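Any value given below was found using the heavy atoms of this structure, including those in side chains, with hydrogens, waters and symmetry copies removed. None of the values given here were measured: they were computed from a predicted structure.
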Amino acid sequence: MARRDVVFLLDGSDGTRSSFPAMRDFVERMVERLNVSEKGDHVSVVQYSRDPEAHFYLNTYSRKEDVLDTLRGLMHKGGRPLNTGAALQYVRDNVFTASSGSRLVEGVPQLLILLSGGKSFDNVDTPASSLKELGVLIFAIGSRSSDSRELQKISNEPSYALSVSDFADLPSVQQQLFTNINTVFVEGTSSTTTTIAEGRRQRRDVVFLLDGSDATRNGFPAMKEFVQRMVEKLEVSENRDQVSVVQYSRDPEAHFYLNTFKTKEKILDSVRGLRHKGGRPLYTGAALQYVIDNVFTASSGSRRVEGVPQILVLLSGGRSFDSVEAAASSLKELGILTFGIGSRGSDSRELQRISYDPNYALSVSDFSELPNVQEQLLASVKAVSIPITPTSQTVTADYVTPRKDIVFLLDGSDGTRNSFPAMRDFVQRVVEQYTIEANRDRVSVVQYSREAEVHFYLNSHTTKEEVLDRVRGLRHKGDRPLYTGAALQYVRDNVFTASSGSRRLEGVPQILILLSGGRSFDSVDAAASSLKELGVLTFGIGSRGSDSRELQRISYDPSYALSVTDFSELPNVQEQLLASVQAVAMPITPASPTLTADDAIPRKDVVFLLDGSDGTRNTFPAMRDFVQRVVELFNIEANRDRVSVVQYSRDAEVNFYLNTYATKGEILNTVRGLRHRGGRPLNTGAALQYVRDSVFTASAGSRKQEGVPQILILLSGGRSGDNIDTPASTLKESGILIFGIGTRNSSREVQRIANDPTYAQSINEFSDLPSVQQQFISSLNNALGQVKPMTPTVAGKTDYHTSLENSTLSSPCKACRRH
């Protein structure tokens with residue numbers, strides 16, 4: 001049975017007094033559609049203004065009737081100002097917890113639905129990031145008074161933020177929200193038997209945290225042997241158990257991460273070679289925080305967000321010199337199952353407080369007695385590590401099936417009133433030609449005149465019959481003037497998105513079919529370019545009233561623009577359109593021995609963005625050396641990896657573009673000769689916008705439209721003097737993967753810029769870059785390994801993206817040419 005923990009966070013400030021009944025009704029209607037029961041969905045409602053207040057928790061009610069009864073009696077809270085940040089932090093600390101009924105540890109999806117009618121008076125970035133790191137999926141709905149950018153920042157992705165003019169209009173977005181929820185939580189679960197079998201296998205991420213202080217010098221060999229025996233009992237492989245080992249005294253040190261080794265033999269070899277660290281005093285609290293921030297992260301191989309049990313085994317031989325409380329609580333909130341084993345020198349109560357449950361704390365007189373508790377620990381680990389079906393699909397034969405996401409954009413203005421039935425019939429006939437299923441072809445229909453209106457999204461219907469029924473019932477919209485530019489932008493921002501059912505990031509071809517009967521009253525160029533940059537293949541069909549040149553500019557290629565005298569003649573071009581779509585929307589198949597050599601080559605476009613301001617004058621040589629070492633790992637050729645370097649302070653300056661050099665030797669020579677730029681202030685936002693507009697472009701060598709992964713590596717040593725959020729969001733929406741390394745002055749800002757906080761690393765200063773290089777490479781590999789093949793723009797040309805490690809195995813370039 002599908003299970004969800006759903007928390008509604010409602011703006012109860014003075015500004016929503018008149019619209020609160022509509023908000024309350026909306027929550028009731030949403031709850032009506034949930035399967036509320038003890039073993040099904042759980043619901044909580046929190047209202048906030050200056051302060052938040054929980055009306056009921058996730059474990060307060062187990063019957064839908066009780067939830068609805070309480071909802072009907074909700075009173076508006078009132079008060080001001082609106083502190084959305086504090087409310088987000090509150091639900092993280094007080095509602096999404098085991099004691100309040102959260103089943104996060106069991107792998108149950110955690111969902112937050114925020115309804116906010118105004119701009120927050122406090123900061124929302126930190127608590128929103130904290131919720132996302134916990135694995136909570138956030139959806140937000142705002143009204144005209146809300147700050148739409150703020151809601152997009154709060155949501156897990158900008159497309160999860162919806163907007164209405166007034167909360168009285170909430171019913172108009174209810175279906176889209178519910179569809180979004182189902183897409184995220186249901187569609188991701190594979191129904192194929194191979195995937196289910198994979199999901200039911202036991203999988204664990206196990207981290208050993210070893211006391212390597214002076215006090216354990218004699219007992220360390222026994223600790224090491226204990227870890228070896230434990231690993232021997234695990235099923236180590238990429239899709240089963242993963243292991244990491246960290247040793248600590250005053251400072252912690254990771255010997256290897258969860259994604260460092262894929263075989264039991266390599267782990268055992270590394271464990272056998274462990275040397276006692278030594279040092280004092282013993283800071284267990286700092287070590288626990290270290291594993292949270294640096295080991296139980298996606299970039300280090302943690303699969304927590306996939307529902308894989310996270311286990312920490314602590315071996316401590318003494319009492320900590322720092323506080324363990326905050327870090328231990330954080331581990332529990334993250335759902336990490338901590339087992340503590342101590343010796344006679346340990347503080348047994350401290351170990352019980354650290355452990356997930358006091359019963360998980362074990363004790364021996366001396367670490368040489370560890371074999372006595374080994375079986376008990378293994379039994380405990382196996383008892384709590386219930387396998388959780390993964391939410392991500394594994395590649396199966398289904399992926400070789402041709403799949404398409406097709407959006408019809410229909411001119412519903414006054415000028416097409418008489419011909420609209422012919423347009424509707426045309427859509428029906430085209431749909432008849434496709435295989436409509438959740439894992440095959442998907443269809444959406446949008447009609448527009450002055451404004452655009454979605455009739456149904458790509459994930460609204462999963463059968464051909466449902467789609468055809470909806471198409472037959474389409475009514476002409478009417479109104480004027482005709483704003484085609486705005487409609488194109490609308491489908492880009494609201495329909496070709498993951499939350500609306502687009503599978504663009506899975507490499508499924510994205511197709512837009514525009515039927516326009518007149519010339520647009522607004523500019524179409526920016527929106528058309530934006531769609532092309534996204535990889536959407538646009539076909540335009542016009543009538544005698546249309547501007548043929550405008551349709552050619554809108555279409556992905558001028559040859560994709562078709563024309564009829566009147567829309568009643570659409571059957572005349574139907575076969576031509578279908579043939580064109582079939583030719584460009586080639587099915588994308590996983591790599592196999594039948595692929596040509598060119599198809600199977602991993603490729604990347606990598607841009608380094610370096611802080612060259614006055615603040616990095618002394619550390620710039622270390623930054624330059626880091627770039628050299630990373631470039632050494634790439635396969636630089638015109639048809640393999642490409643590299644660009646940009647330096648910035650007040651303004652950005654390109655040292656070389658992606659297509660400037662085609663050999664590794666040329667790039668390394670230029671990097672060695674880089675001079676520090678200097679200048680102030682540091683405008684990171686402007687630099688991000690610059691690389692988007694001037695470097696990640698086809699003319700500068702970017703192969704984004706060919707499906708080649710686009711990677712930005714930012715090294716920033718200070719806080720930006722301008723706004724970073726908008727340009728960072730724009731880069732992410734363009735499909736660019738952003739990794740960042742910051743210093744003590746910039747680490748939080750770099751986390752906000754990066755695609756995921758785990759893609760951001762922090763060091764004291766750039767001279768410490770070698771200490772994070774391996775983890776950085778692992779993080780980059782991990783992200784690239786998850787990149788799906790993207791839509792090709794040339795028939796039959798497909799890219800498959802693998803990790804840096806794989807690419808370094810290829811033979812070096814023998815006949816590179818300047819591109």
Side-chain angles (χ1 to χ4, degrees), residues 4-13 15-16 19-20 22-27 29-31 34 43-49 52 81-92 95-96 109-185 454 457 493-495 497-500 725-726 728-729 732-733 752 756:
R4 292 173 287 238
D5 289 339
V6 185
V7 178
F8 293 90
L9 180 58
L10 310 179
D11 174 349
S13 67
T16 61
S19 55
F20 190 74
M23 296 163 73
R24 187 175 56 206
D25 293 345
F26 174 79
V27 176
R29 288 192 303 271
M30 289 294 293
V31 171
L34 296 174
V43 175
S44 168
V45 172
V46 179
Q47 196 182 162
Y48 77 102
S49 51
L82 185 69
N83 291 332
T84 306
L88 292 170
Q89 193 62 44
Y90 176 86
V91 294
R92 185 200 184 282
V95 184
F96 286 111
Q110 308 290 288
L111 171 65
L112 175 65
I113 299 174
L114 167 68
L115 274 69
S116 173
K119 186 169 183 174
S120 180
F121 276 73
D122 63 354
N123 180 277
V124 300
D125 294 326
T126 305
S129 294
S130 185
L131 279 162
K132 292 169 192 171
E133 287 170 10
L134 195 66
V136 177
L137 284 163
I138 310 172
F139 295 81
I141 305 177
S143 66
R144 72 166 72 88
S145 304
S146 309
D147 181 341
S148 58
R149 289 193 178 171
E150 182 178 88
L151 290 178
Q152 287 178 348
K153 276 172 11 197
I154 291 170
S155 301
N156 275 67
E157 63 175 76
S159 60
Y160 290 177
L162 306 175
S163 184
V164 290
S165 297
D166 186 84
F167 283 129
D169 297 331
L170 280 168
S172 66
V173 297
Q174 182 177 328
Q175 182 54 45
Q176 185 178 354
L177 175 65
F178 212 85
T179 302
N180 289 352
I181 293 170
N182 285 337
T183 301
V184 174
F185 290 142
V454 177
Y457 293 93
D493 296 340
N494 297 280
V495 185
T497 62
S499 58
S500 296
D725 294 317
T726 304
S729 294
K732 293 169 193 171
E733 288 168 9
R752 272 168 44 212
D756 186 291

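- Listed by chain and number, the residues in a side chain to side chain donor-acceptor pair (under 3.5 Å) with S163 amount to none (sequence neighbours excluded).
- Within the model, atoms CZ of R24 and CG of L170 stand 13.0 Å from one another, a figure rounded to the nearest 0.5 Å.
- Atom-to-atom distance recorded for N494:CG and Y457:OH is 6.0 Å, nearest 0.5 angstrom.
- Between L134 and R92, some side-chain heavy-atom pair lies under the 4.5 Å cut-off.
- For the residue pair L177 and M30, the shortest heavy atom distance occurs at CD2-CE, 3.7 Å.
- In terms of modelled atom types and a separation under 3.5 Å, the side chain of E150 and the main chain of S120 share a donor-acceptor contact.
- Screening residues 160-170 for salt bridge (charged side-chain N to carboxylate O under 4.0 Å, His left out) gives no qualifying pairs among residues at least two apart or on separate chains.
- Under the 4.0 Å criterion applied to side-chain N and carboxylate O atoms, R752 and D125 are assigned as salt-bridge partners.
- By the salt bridge (charged side-chain N to carboxylate O under 4.0 Å, His left out) test, D756 pairs with no residue at all, sequence neighbours left out.
- Under the 3.5 Å distance criterion, the side-chain polar atoms of D122 are matched with a main-chain donor or acceptor of G85.
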Would you mind writing out the side-chain donor-acceptor pairs for residues 137-146 within the sub-3.5 Å range, not counting sequence neighbours?
residue, atom, partner, partner atom, Å
S146, OG, S116, O, 2.6
S146, OG, S143, N, 2.9
S146, OG, S143, O, 3.3

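- Annotation for F96 and L111: closest pair CZ-O, 3.7 Å, computed over non-hydrogen atoms.
- The OG atom of S148 sits 12.0 Å away from the CG atom of L162 when rounded to the nearest 0.5 Å.
- Atom CZ in F26 sits 9.5 Å away from atom CG in L10 (nearest 0.5 Å).
- At distances below 3.5 Å, not a single donor-acceptor pair connects side-chain atoms of S44 with backbone N or O atoms of V7.
- Residues passing the side chain to side chain donor-acceptor pair (under 3.5 Å) test with N83: none are found, sequence neighbours excluded.
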Checking side chain to side chain contact (heavy atoms under 4.5 Å, CB included) for the pair R4/L34: CA distance, chi angles, key distance, verdict?
-> CA-CA 9 Å; R4 292 173 287 238; L34 296 174; 3.8 Å; yes

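- A distance of 10.5 Å separates CD of E733 from OG1 of T497, quoted to the nearest 0.5 Å.
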Verdict with reasoning, F8 to V46, per side chain to side chain contact (heavy atoms under 4.5 Å, CB included) = CA-CA 6 Å; F8 293 90; V46 179; over 6 Å; no

CA sep, side-chain torsions, deciding dist, call: S19, T16, side chain to side chain contact (heavy atoms under 4.5 Å, CB included) | CA-CA 5 Å; S19 55; T16 61; 3.9 Å; yes

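- How far CG of L151 is from CG of L114: 6.5 Å, rounded to the nearest 0.5 Å.
- Looking only at side-chain heavy atoms (C-beta outward), F20 and D11 stay at 4.5 Å or farther from each other.
- Heavy-atom minimum distance, P171 versus R29: CG-NH2, 3.3 Å.
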Are R149 and D725 close enough, and set up right, to give a salt bridge (Lys or Arg N to Asp or Glu O under 4.0 Å), and what steps lead you there?
-> CA-CA 9 Å; R149 289 193 178 171; D725 294 317; over 6 Å; no

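- With sequence neighbours left out, the salt bridge (charged side-chain N to carboxylate O under 4.0 Å, His left out) criterion links K132 to no other residue.
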Trace of the side chain to side chain contact (heavy atoms under 4.5 Å, CB included) decision for V95 with L112 = CA-CA 10 Å; V95 184; L112 175 65; over 6 Å; no

